[in-house]
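Step one of this worksheet: look at the structure below.
All residue numbers in this chain count up from 1 along the given sequence. These numbers come from the heavy atoms of this one structure, side chains and all, not from hydrogens, waters or symmetry mates.
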Amino acid sequence: MIEIELDGKKVEITEGSMVMHAAEKAGTYIPHFCYHKKLSIAANCRMCLVDVEKMPKPMPACATPVTQGMIVRTKSDKAIKAQKSVMEFLLINHPLDCPICDQGGECQLQDLAVGYGGATSRYEEEKRVVAHKDVGPLISMEEMSRCIQCTRCVRFGQEVAGVMELGMSHRGEHAEIETFVGQSVDSELSGNMIDICPVGALTSKPFRYSARTWELSRRKSVSPHDSAGANLVVQVKNNKVLRVVPLENEAVNECWIADRDRFSYESLNSDHRLTSPMLKQGGKWINVDWQTALEYVANGLKVIKSNQGGGAIGALVSPHSTLEELYLAGALVRGLGSENIDYRLRNAEFDTPVGARYLGTSIASLSHLQSVLVVGSNLRKDHPLFAQRIRQAVRAGCVVNVLASGAVDWAMPVRNTLQAATANWVQALADIATAIGAEKGIAAPAPGNASSTAQAIAKSLLAGERKAVLLGNAAAHHAKASSLLSLANWIGEQTGARVGFLTEAANTVGAQVVGALPGPGGLNAGQILAGGLKAAILLNTEPEFDSVAGARSKQGLTSCEMVVTLSPFKTNLEFSDVLLPVAPFTETSGSFVNAEGRVQSFHAVVKPLGDTRPAWKVLRVLANLLNVPGFAFESSQDVLAHIHADTTGVLPTHIPASRLSNVCAVVPDLTPSNVEPVVAPIYQLDGLVRRAPSLQLTADARGTTQKSVETLA
């Protein structure tokens with residue numbers, strides 16, 4: 001540690017740190033534009049000039065290393081004069097369009113100009129004009145004349161997103177930020193460039209000119225998409241969600257969110273929303289009131305139970321539903337005498353785990369791995385926030401190994417790629433296990449061929465201390481998923497690596513914890529989709545798009561006497577008999593459990609649209625009409641407390657370790673599988689992203705083969 005004097009205060013700081021870091025530790029604010037705590041130091045805005053004793057000129061705080069005994073003054077006349085001079089230069093070409101700028105009210109340049117800018121300018125020349133640029137459907141670059149060349153967006157692309165999509169061309173007053181020869185910005189994390197831009201040069205295209213920042217209410221929430229559980233700030237005006245930005249949480253998403261977390265809100269206000277209960281009568285859909293719809297459902301289920309038993313009733317539930325909704329759906333089905341409930345619509349194998357499958361380590365630890373083997377995942381698209389954490393680890397020397405069916409572009413260096421057809425993944429993992437066994441002089445759990453690539457992966461996993469074997473969505477949905485996990489556990493045991501699933505959805509872990517799985521004698525998702533029921537309840541799911549059966553699911557569900565869909569959208573029209581409008585995550589309270597087992601609860605940020613109701617309330621009332629006991633809940637928090645058998649009022653922040661397990665004791669089956677695992681493309685993951693117009697215009701969405709959003713009404 002080194003001690004310096006900062007504005008008369010003694011500050012201890014790690015050797016190699018910059019003056020800016022010491023100021024942050026001391027709670028002293030130094031004005032800046034190009035400096036960002038998550039990005040490399042560029043020192044090109046010069047706004048952070050400070051007075052360092054014995055230095056003839058002011059020095060940039062972000063790029064001046066601390067030395068023992070250094071004396072720094074941030075508010076001396078010398079420092080203030082230098083900062084004001086820099087501000088005068090920055091404002092030479094900046095347009096005077098604050099009244100129409102989307103950044104107005106939250107603009108760093110605007111704020112600092114009040115303290116360091118002059119009342120008049122000494123420059124009388126015309127301001128420069130930078131041509132508008134079209135870089136895609138998400139980011140607006142139509143006011144690049146505002147750009148002050150801080151290069152935050154450029155560095156973000158290189159260092160966090162892993163793709164240098166923006167760069168600075170030309171020199172001097174002709175310098176400007178642009179893409180290469182008119183290309184678009186296609187990173188799955190691109191929206192973060194909007195947040196880190198200190199001026200209004202990069203703004204949100206979907207939000208453009210929708211509201212002023214001071215008109216928006218800000219409310220905390222949690223992303224309902226992938227398993228990171230990114231923390232959000234949802235911004236609302238007139239009971240309508242207009243913008244979503246990240247809420248900083250170092251343990252989960254740091255200060256970033258993926259584009260599907262940021263822009264999927266568009267679907268909340270779309271014409272696809274279901275706003276009142278609907279019944280199918282004579283092949284036509286009619287709007288009815290809640291009492292009529294619920295009594296119709298209750299009477300239909302009673303008749304089916306009476307005639308064919310409770311085992312003829314079941315539910316397919318989405319892992320994007322809240323913990324409370326999943327629990328109540330299971331309790332309702334079991335209260336009717338059935339064990340037919342499942343969330344695993346995309347799975348090809350349906351084993352019975354001893355505990356909830358999860359990441360096996362903390363999300364934050366991914367940033368510090370020294371070696372990692374990822375099996376069956378397009379990490380960059382399936383889990384953008386996990387990918388950027390592993391990208392951080394790579395920058396510090398982490399060795400990335402991949403088992404995949406083809407070449408992968410994760411926007412990071414991949415040291416070893418073992419390519420194998422998905423049918424042969426178990427054998428390929430056995431090859432790696434064989435190479436590890438050969439290195440350690442022990443027998444592998446299954447016969448394999450220690451190829452040169454398998455040996456390289458084995459050596460990287462045997463080296464270092466912080467390592468992991470991570471199974472992706474394709475591995476979880478694989479027909480031999482338990483064999484893959486069994487081999488991964490052996491590899492982890494022999495190398496000291498943590499083993500876990502990246503997990504697909506916001507509540508994949510939660511669905512397992514609350515038992516949204518078939519009990520003894522119950523039908524799994526595959527059997528239900530094949531037509532195993534007479535009455536089906538579909539919670540927040542569209543089997544045609546969310547299941548391995550795809551379009552074939554229509555046939556299985558059409559054979560049911562009653563299909564009840566609980567969804568925020570008009571969907572499943574071909575085979576449903578009842579549509580019940582339930583609230584998306586912004587209109588209900590609830591909880592999600594992310595990949596590491598962290599329980600994150602949230603409140604509704606807007607009132608339900610039309611006659612929409614929270615799904616947990618709908619399930620509670622339906623259970624009461626069916627005389628199912630144990631549904632006397634007054635709030636979602638009551639349900640959560642009941643799930644955890646907690647009467648103290650203190651709810652857990654993490655699922656207990658006793659309820660999480662990746663243990664799998666099956667003997668690996670090396671027989672090739674002819675079932676191709678189904679993995680949802682990045683912007684087809686759930687109903688919200690499928691109906692977000694801007695996301696569907698992106699390059700990633702245009703590359704998908706699934707139906708467009710227009711066909712989902």
task = Assess whether atom CG of N307 is packed by more than 12 heavy atoms of other residues, nucleotides or ligands within 6.0 Å.
result = yes
request  = Determine, stepwise, if the pair S589 / Q637 fulfils side chain to side chain donor-acceptor pair (under 3.5 Å).
outcome  = CA-CA 8 Å; S589 57; Q637 290 294 90; over 6 Å; no
message = Checking E254 against E248 for the side chain to side chain contact (heavy atoms under 4.5 Å, CB included) test, could you report, in this order, the C-alpha distance in whole Å, the side-chain angles of both residues, the deciding distance, and whether it holds?
response = CA-CA 5 Å; E254 300 176 275; E248 186 170 350; 5.9 Å; no
key: N/O donor-acceptor pair under 3.5 Å between E504 side chain and A476 backbone   = no
message = Measuring from atom CD1 of I643 to atom CG of D638, what distance do you get when rounded to the nearest 0.5 angstrom?
response = 11.0 Å
message = So that I can tick it off, tell me whether R260 and D226 are bridged by a salt bridge, with the cut-off set at under 4.0 angstrom between side-chain N and carboxylate O.
response = yes
ask   = Taking atom CG of L301 and atom NZ of K534, what is their separation to the nearest 0.5 Å?
value = 14.5 Å
ask   = Is the count of non-hydrogen atoms from other residues, nucleotides or ligands lying under 6.0 Å from H603 atom NE2 greater than 12?
value = no
query = Between E634 and K617, is there a salt bridge with N-O shorter than 4.0 Å?
reply = no
H272 side chain reached by S267 side chain, heavy atoms, under 4.5 Å = no
task = Please identify each residue that fulfils salt bridge (charged side-chain N to carboxylate O under 4.0 Å, His left out) with E295, with sequence neighbours left out.
result = none
task = Verify the distance criterion only: is there a donor paired with an acceptor across the side chains of T698 and D700 at less than 3.5 Å?
result = no
ask   = Which is it for L345 and V678 under the side chain to side chain contact (heavy atoms under 4.5 Å, CB included) test, yes or no, and what are the steps along the way?
value = CA-CA 10 Å; L345 278 75; V678 174; over 6 Å; no
key: Within 6.0 Å of CZ in R552, more than 12 heavy atoms from elsewhere   = no
message = To check you understand the geometry: which heavy-atom pair defines the closest contact between S190 and D259, and what is its length?
response = OG-OD2, 2.7 Å
key: Results of salt bridge (charged side-chain N to carboxylate O under 4.0 Å, His left out) for K237 - residues two or more places apart only   = E215
message = Could you tell me if the side chain of Q684 sits less than 4.5 Å from the side chain of I682, heavy atoms only?
response = no
key: Short N-O contact, R690 and D546, less than 4.0 angstrom   = yes
ask   = Between N572 and T541, is there a donor-acceptor pair closer than 3.5 Å when you use the side chain of the first and the backbone of the second?
value = yes
ask   = For F602 and T322, which heavy atoms make the closest approach, and how far apart are they?
value = CZ-CG2, 3.9 Å
request  = Would you mind telling me which of D611, T612, N287 makes a side-chain hydrogen bond (donor to acceptor under 3.5 Å, both in side chains) with S276?
outcome  = N287
Positive for side chain to side chain contact (heavy atoms under 4.5 Å, CB included) with V317, one of I537, L539, N540, D342 = L539
key: Heavy-atom closest contact (Y358 atom, A595 atom, distance)   = CB-O, 3.3 Å
ask   = Just wondering, do N231 and Q600 contact through their side chains at under 4.5 Å, heavy atoms?
value = yes
task = With the side chain counted from C-beta on, respond yes when V605 and Q235 share a heavy-atom pair under 4.5 Å apart, and no when they do not.
result = no
ask   = At their closest point, which heavy atom of F263 faces which heavy atom of G191, and how far apart are they?
value = CE1-CA, 4.3 Å
ask   = Hey, would you say the F592 and F585 ring centroids sit under 6.0 Å apart?
value = no
message = Tell me whether D195 contacts the main-chain N or O of N192 through its side chain, where contact means a donor paired with an acceptor under 3.5 Å.
response = no
request  = Would you confirm whether Y265, through its side chain, and L242, through its main-chain N or O, come within 3.5 Å as a donor-acceptor pair?
outcome  = yes
inquiry  = Rounded to the nearest 0.5 Å, what separates atom OG in S377 from atom CG in D382?
reply    = 4.5 Å
query = If we only count heavy atoms from C-beta on, is the N269 to K240 side-chain gap below 4.5 Å?
reply = yes
query = Of all heavy-atom pairs between A251 and I363, which one has the smallest distance, and what is that distance?
reply = O-CB, 3.9 Å
query = Is the NZ or CZ atom of R357 both under 6.0 Å from the centre of the six-membered ring of F501 and within 45° of that ring's axis?
reply = no
ask   = Does any N or O in the side chain of K607 come within less than 3.5 Å of the main-chain N or O of E587, such that one atom is a donor and the other an acceptor?
value = no
ask   = V509 and side chain to side chain contact (heavy atoms under 4.5 Å, CB included): which partner among L359, L660, V599, L323?
value = L660
message = Using side-chain heavy atoms (C-beta onward) and a distance below 4.5 Å, is V244 in contact with V233?
response = no
key: Between CG on residue L573 and CD on residue E542, distance to nearest 0.5 Å   = 9.5 Å
inquiry  = L538 vs V564, test: side chain to side chain contact (heavy atoms under 4.5 Å, CB included). Steps then yes/no.
reply    = CA-CA 6 Å; L538 307 181; V564 183; over 6 Å; no
Distance (rounded to the nearest 0.5 Å) between R208 CZ and S210 OG = 10.5 Å
ask   = Does a side-chain N-to-carboxylate-O contact under 4.0 Å join K554 and E544?
value = yes
key: Distance in Å, T571 OG1 paired with E574 CD, rounded so as to fall on 0.5 Å steps   = 9.5 Å
task = Would you sort out whether L247 and L232 count as a side chain to side chain contact (heavy atoms under 4.5 Å, CB included), showing the intermediate values?
result = CA-CA 5 Å; L247 174 66; L232 310 176; 5.7 Å; no
message = Using a 3.5 Å distance criterion without hydrogens, assess whether the side chain of N340 forms a donor-acceptor pair with backbone atoms of A315.
response = no
inquiry  = I'd like to know if the side chain of R702 and the backbone of L697 have a donor-acceptor N/O pair within less than 3.5 Å.
reply    = yes
query = Within 45° of the ring axis of F569 and under 6.0 Å from its six-membered ring centre, is that where the NZ or CZ of R691 lies?
reply = yes
ask   = Between S223 and A506, which heavy-atom pair has the shortest distance, and what is it?
value = O-CB, 3.9 Å
inquiry  = A side-chain contact here means heavy atoms from C-beta on lying under 4.5 Å apart; do P581 and T275 qualify?
reply    = no
ask   = Taking the inter-plane angle between the rings of F631 and F633 on a 0 to 90° scale, is it parallel (under 30°), tilted (30 to 60°) or perpendicular (over 60°)?
value = perpendicular
query = Is there a side-chain contact between L336 and I313, using heavy atoms and a 4.5 Å cut-off?
reply = yes
ask   = With sequence neighbours left out, what residues match R659 under salt bridge (charged side-chain N to carboxylate O under 4.0 Å, His left out)?
value = none
task = Give a yes or no on this: more than 12 heavy atoms of other residues, nucleotides or ligands lie within 6.0 Å of atom NZ of K302.
result = yes
task = Run through S204, S264, P206 and flag the one making a side chain to side chain contact (heavy atoms under 4.5 Å, CB included) with S694.
result = P206
